[in-house]
Structures are given as structure tokens and as C-alpha cells.
Q: 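This is the structure I want to talk about, given as C-alpha cells.
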Amino acid sequence: MAEHDMIEVKGLRVVAGAAHGPVTEIVKGVDFSVKKGEVLALIGESGSGKTTIALSLLGYARAGCSISGGSVRIGDVDVLALDAQGRRALRARTVAYVAQSAAAGFNPARTIMDQVTEPALLHQLMSKEAARTKAIGLFRALALPAPETIGERYPHQVSGGQLQRLMAAMALITDPAVVVFDEPTTALDVTTQIEVLAAFKKVVRELGTTAVYVSHDLAVVAQMADRIVVLNGGAVKENGAVAQVLDAPVDAYTRQLLAATRRPEASFGVPKDGAEPVPPLLEIRGLSAGYGRIDRNGVPAVRVLDDVSLTIPRGSALGVIGESGSGKTTLARVVAGLVDRARGEVLFNGEPLPAQLSGRTPEQYRQIQIVFQNADTALNPSHSIADILARPLAFYHHLRGAAAKKRMLALLDLVKLPASIATRTPAGLSGGQKQRVNLARALAADPALILCDEVTSALDTVVGAAILDLLAELRRELGVSYMFISHDISTVRAICDEVIVLYAGQRVEAGQRDVLAAPPYHPYTGLLVDSVPELKPGWLDARRHVAACALPAMGESAAVPELCSFRARCPVRIDGVCNVTPPSLKKLPSGAEILCHHSAAELSRLQNLETIPA
């Protein structure tokens, strides 16, 4: 082991399989080292062995797997030679772990402070009071709100981004030599991701911590890492400095990953000016929806959507973007009949669409299908794929027996899955395969409109790109329309013709997908566009420098409910205007409509000033 190496992995092999049955090698002789204070990224698509290798640094192999060969050293410690007690002493004290799902990593019945300080108390590193003081310091360093009191809350009382940072505080409280970050921002929207990445980077830099960052997102890795190890099929394909891997990749697989990240926009032949307009398949006018009791004015206690209007022409795709909590999923659920609407009209094929499923005709029910974000929870784990697809075929088309089997096999072929998976259950499929089955189930109804709710957000770059290609191909072949919900702007631009931007339940911008390409746009759209990580080291630091600029001063707001909902965060807000007068609907040169007080010329000038230099 080199003198300055904190981590050294040599010839690591991990196998999966029963003790007396056949085994499959899933990590194949992996070698790498990490210097003290360095951040190494492990990158690759699902199944490449990233997390399995990262967990081996803790001396751990998941159920059904075992470490069959090689060596793992952390400092002077031979991790694989440790007994059970030695591994317990290593974990959290010497090597800490930040999981992908913070929500699953916290106990909902205990306060945050109790859980963050627990590792330090278990290892008897400090007193309870000292641990509390240190936790508050970490909360402050990780840019958490109310650092003195946030520890008194329970996990459900903080946002996803805050919970992810709290998990990092839990990992760092013992001053570990190594921290493993396992896809910690994958499920976060772009603006929250930026905050979390910046907080992680700041703390790791200040503490001089050695870190291993597991990800499938090369743009994120470009901001966090010093070196990159590219993995595929459990083997190392490339190992080099960030700049070399991004700018001059040696291996063909690395080039494939980069190509999937830099997706070109799809072309669907959007009608040109003067072309015959396509009649709307779906039209929404003045929609308001939410949860809780409806008051005498028809307003729910918790308003999620407020006066939203949109149209989806037949055969087209509409992208709906916004942060978590902006109302995207509620919009899809209203269209699907899963959430009641308080006010407004929804027309489908020119006919009023009943708000509740019970009021819809079987034909309306069939023609609108929804594909949920998480295929794991959307597919029945005890049913075979054949049974899952047979159900909508019987329900909508009364197909059974040989006819149903023939159509089921055709659906699998349509979503590019082999017929052999029909007998498997969802547990036997990869994430990408499960999402294809999820899509095939929707297609079994022969729908006119598919509501896609974050269908690629949990998938790696290569698999996500394949799903987008499949959606585009199905649209060309079948003429199906999509409402495509995402927080990923590059994904929306790759597949959609038109875009609406939601903020706090309001439609703040709507137009062709080109509105996302360059200013001017609504200030909130600008924030989303500027928050998408670029494949450029140093981008995060430059972005945070711009974002750290103080917002213009603004006095108290008037008691007017129609005021701009973005004014508390807007970098171009105007005192005496934004906090007093509701914004009017304006049309930009791009054709987009926005709710804003600024003129197109003024927005263009302000937003070009904010652009980060290359």
C-alpha cells in the first residue's frame, strides 16, 4: 500500500448464489486506490457492481452474496481479515455510509438528534452533550435550516433534501477516515440536488475526509470527484482523473456513458406555423385541486394546483417540470381520476371528463393510462409478468387463453423484452426491465394518452436513455400522446414538444420545448435550467457563487392571494411591485407565456448577466 493511500482494493471478487449451488461472479478482480483526502467516484449503470464494491469497504456483502477473494485495506486495517466484532468497530467509526434513500435510513419514531448522535455514543467517542454540540455544528456546516432546533424534529417533518444532509451529519459525527456516498442525490430534484452536493463538497473539503462517491450521473461526478473508476459488468473499464475521463475517455463503454448523458433532442415533426392545427386530445381549463375540506368558494384546505390550464394535441407530448411539491404528480392524478378537482374543466376528445373514476365510461377509463415512478411498488411482486399483463387484456379487451397469450407476447416484443421473462416475477428483473413491464401494462389497454410520472428518475443514464428511446418509438408507431412529468429538464427536452413549468401549483411558464434553450424565460424556469449539472469540473462552485448573491430587498407583501408565488426566491424581484400587484400574463419572443412583471427585454438582459462564464 502506497504511503499516502487511505484505501487500497486489490483483486476484489464478489460472488452471488447459494452456498452449495451455482454461483455468479458479480465483481471480477477489481483494483483501485484512493489517497488521503481524495474523492473517488465509482460510476456505471445498474448492475455494474458500484454499490457492491462500495459496501465491501465496510466489510459487508448483501444477502446472497459473499466476498470470495482479494483484499480491502483502510489505512492500516485489513478489512476482510476482521471478525464480526472488528467489523462492527470499523463501521461508522472508521468507514461511514450515506445511503441513497435517507427516508429508509431513519427511524420514524425517534427524533433526528437521537439518531444523528447515536454512532458517536455507541462507539463511546464523546458525551451526549458533546455529541449534541458537534451535531449542531454539522447541521450548520451542511447549510440546514434552524441548526439549533432541527434535531428536535422527526424525520417526516423535514424535506427529502434536508433528510439527505442529516444522514451525512450522522455519517460524519464520528470523524470517520472514509465516507461512502451511495447515490445520495438520485431521487432529488435539480435545485435540491445542487444544495445537497454543495453541502457535501464543502464539508468533505473542510474536514479533509476521504470519500467514495457512487453514482450513475457523470455530470454530478464531475463536480464531486478527483478521480473516476468506470465499471461495467463488475470489472474496471477505466480509471483516471476526472478531466481525462470526461474529455479523453479511453474505453468504448465510457464513451457510451458520455453519449447517453449528452442526449440530442428528439425530432417528431412539430407542426410549423400555418400548418393545420391538431385538435386537442386533452384540454384543461382553470384547474384547481388539493386535499382536505372544500370551502364554500370551492377551495380545498390544502391547495396543490391553482388555475392551471393546458392542452395536449393528439399524438404530441407535453412535459410538466418543477421541483418536488410543485403539483406535477397531483396534475397527473387529477387527469387519471385518482384525485378530485375543486374547480375547472377537463375535456378529453372534446367531451367533459368526469372528475371521479366512478363517473367515467369504460372507454374513457381505457384511453387514459398512468405509468408510475416506482415500478417496484406498481407491480404485484407475487404475480408473474404474464399474469400482470393478462389482467388489463381481460379487463379492457376480454382476451383470454391463446389470444391473450399472443397479445401478451406482442406487448413484450413492443417494449423490447424477451418472451422468456413472462414466467418471471418482478423480483427477477432489473430496474429498467420492470419499468418496461410497467409501460407494457399501460399499452395493453391501447390508450390514447399515457401519463408518465417520473418514469426514468430512478434509472441509470444508459437504461433511462433506452426507456426514452422506447417512448419516442412507441409514439411514432402508435400515435400515442404523453403527459411527461419530470424534474429533469434534459429528459423533457429529449422527448416533448411543449413544456409547462409549475411552481407551488401555479403554471408560471408554457411554450414549445425550445423555451428551455436560452433566455428570456420566467425567473423560476431560469433557476431550473441553471441548476442542471454540466459535464464540467468546477461548475458547481461557480454555480454556488452566483446563487449565493443576496436577493433584492423586499418589504412586506400585500394581502393579495394572486401575488407571484416565486417572489420569496426570485433573484430579479421588484420591491413595491412583486409584493403588491399580481403578475400579468406576458408573451415572450419564443412564443412562451409567463406570469411575470418583467418585460421580455429586461428578463433577457438580467438572465444573460447571470450566465456562468465557461
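Any value given below was found using the heavy atoms of this structure, including those in side chains, with hydrogens, waters and symmetry copies removed.
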Q: Can you tell whether the side chains of Asp541 and Lys201 come within less than 4.0 Å, N to carboxylate O?
A: yes
Q: Please say which of Thr192, Val98, Thr185, Val158 ends up in a side chain to side chain contact (heavy atoms under 4.5 Å, CB included) with Gln164.
A: Val98
Q: Would you call Lys586 and Glu509 a salt bridge, taking side-chain N to carboxylate O under 4.0 Å as the test?
A: no
Q: Salt bridge (charged side-chain N to carboxylate O under 4.0 Å, His left out) between Asp340 and Arg333: does it pass, once the steps are laid out?
A: CA-CA 8 Å; Asp340 207 352; Arg333 287 174 177 268; over 6 Å; no
Q: Before accepting this row, confirm whether a basic side-chain N of the pair Glu593/Arg507 lies closer than 4.0 Å to the acidic partner's carboxylate O.
A: yes
Q: Only one of Ile312, Thr311, Leu282, Val492 passes side chain to side chain contact (heavy atoms under 4.5 Å, CB included) with Leu318; say which it is.
A: Ile312
Q: In plain terms, say whether Arg165 and Glu195 are close enough for a salt bridge, that is, a side-chain N and a carboxylate O under 4.0 Å apart.
A: yes
Q: Looking only at heavy atoms, which two atoms of Leu451 and Ala332 are closest? And how far apart?
A: CD1-O, 3.4 Å
Q: Donor-acceptor pair, distance only, cut-off 3.5 Å: does the side chain of Ser531 make one with the backbone of Leu527?
A: yes
Q: So, for Asp307 and Gly286, which heavy atoms are closest and what is the spacing to 0.1 Å?
A: OD1-CA, 3.3 Å
Q: For the residue pair Ile284 and Val308, what are the closest heavy atoms and their distance?
A: CG2-O, 3.4 Å
Q: Taking atom CD of Gln369 and atom CG of Leu443, what is their separation to the nearest 0.5 Å?
A: 9.0 Å
Q: Name the residue from Glu454, Lys328, Gln193 that meets the side chain to side chain donor-acceptor pair (under 3.5 Å) definition with His487.
A: Glu454
Q: Apply ring-ring contact (aromatic ring centres under 6.0 Å, His included) to Tyr503 and list each qualifying residue two or more places apart in sequence or on a separate chain.
A: Tyr524, Phe566
Q: Just to verify, what does Phe200 make a ring-ring contact (aromatic ring centres under 6.0 Å, His included) with, not counting sequence neighbours?
A: Phe181
Q: Minimum heavy-atom separation for Val220 to Tyr213, with atom names?
A: CG1-OH, 3.6 Å
Q: With a cut-off of 3.5 Å and sequence neighbours excluded, list every side-chain donor-acceptor pair involving residues 138-154.
A:
from	atom 1	to	atom 2	distance (Å)
Arg140	NH2	Glu148	OE2	2.8

Q: Looking at Asn107 and Ala109, what are the two nearest heavy atoms and their distance?
A: OD1-N, 2.9 Å
